[in-house]
Amino acid sequence: MPFTGELGGKGPLLVFADCDLDAAARKAAGQYDDSGQVCLAGTRLLVEQSVSEAFLELFNRYTDAQVLGDPRDDATTMSPLIHPDHLARVEGFVERAPRRR
């Protein structure tokens with residue numbers, strides 16, 4: 001059975017020269033996808049100097065491909081709310097707010 005230990009999201013993503021740089025860059029860029037709302041999101045990148053330029057090139061390619069926008073727009077890949085259920089809940093707060101006066 002898979003296991004994931006959450007340690008509060010303050011850990012770095014470590015990138016060593018012998019790793020799959022593409023996978024590491026994709027994972028690092030994916031940290032933005034959840035808008036900081038996941039405890040597993042790393043807060044720092046520590047990249048071995050010998051692969052830093054190659055890693056940053058890939059990382060920038062993946063982050064540049066992300067589209068920040070309205071979560072209801074299909075073109076959006078990153079938005080302030082990371083799950084449709086959370087969006088529906090917040091929309092419900094907004095809809096009910098005028099009635100609470």
Side-chain angles (χ1 to χ4, degrees):
M1 171 176 268
F3 171 79
T4 301
E6 291 194 32
L7 301 173
K10 296 301 177 193
L13 176 63
L14 303 175
V15 180
F16 295 105
D18 62 346
C19 78
D20 178 339
L21 280 182
D22 188 72
R26 187 176 304 126
K27 184 64 159 176
Q31 300 296 302
Y32 294 118
D33 188 45
D34 295 322
S35 302
Q37 298 173 47
V38 174
C39 293
L40 293 173
T43 57
R44 309 177 280 290
L45 291 171
L46 299 177
V47 181
E48 191 169 338
Q49 188 172 2
S50 64
V51 293
S52 63
E53 285 185 40
F55 173 82
L56 286 174
E57 183 178 316
L58 290 166
F59 176 76
N60 288 332
R61 183 184 325 153
Y62 288 121
T63 57
D64 289 346
Q66 294 178 350
V67 178
L68 179 62
D70 187 326
R72 296 165 290 200
D73 183 346
D74 289 337
T76 298
T77 61
M78 186 172 102
S79 68
L81 301 173
I82 64 170
H83 195 278
D85 291 345
H86 192 191
L87 173 62
R89 185 169 184 234
V90 171
E91 285 177 331
F93 293 147
V94 172
E95 290 171 9
R96 290 188 303 274
R99 293 182 284 200
R100 297 194 57 95
R101 289 185 179 185

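Only heavy atoms go into these numbers, but all of them, side chains included; no hydrogens, no water, no symmetry mates.
The minimum heavy-atom distance linking A75 with V67 is given by the pair O-CB, 3.4 Å. Nearest heavy-atom pair, R26 versus Y62, reported as atom, atom and distance to 0.1 Å: NH2-OH, 3.1 Å. Contact record, A29 with T63: CB-CG2, 3.6 Å, taken as the closest heavy-atom pair. Contact between V15 and L21 at its shortest, heavy atoms only, is CG1-CD2, 3.8 Å.
A28 pairs by the side-chain contact (heavy atoms from CB on, under 4.5 Å) definition with L13, L45, F55, F59, not counting sequence neighbours.
In terms of modelled atom types and a separation under 3.5 Å, the side chain of T77 and the main chain of Q66 share no donor-acceptor contact.
A continuous path of Ile, Leu, Val, Met, Phe, Trp and Tyr side chains, each step under 4.5 Å between heavy atoms, connects L58 with L56, placing both in one hydrophobic cluster. By the criterion of side-chain heavy atoms lying less than 4.5 angstrom apart, applied directly or through intervening Ile, Leu, Val, Met, Phe, Trp or Tyr residues, V51 is not grouped with L46; the two fall into different hydrophobic clusters.
Applying the 6.0 Å contact sphere to CG of D64 captures more than 12 heavy atoms from other residues, nucleotides or ligands.
Among residues at least two apart or in separate chains, there is no side-chain hydrogen bond (donor to acceptor under 3.5 Å, both in side chains) pair with a member in residues 50-60.
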Show me the donor-acceptor pairs within less than 3.5 Å that the side chains of residues 89-98 make with the rest of the protein, sequence neighbours left out.
residue	atom	partner	partner atom	Å
E91	OE2	R72	NH1	2.9
R96	NH1	G92	O	3.3

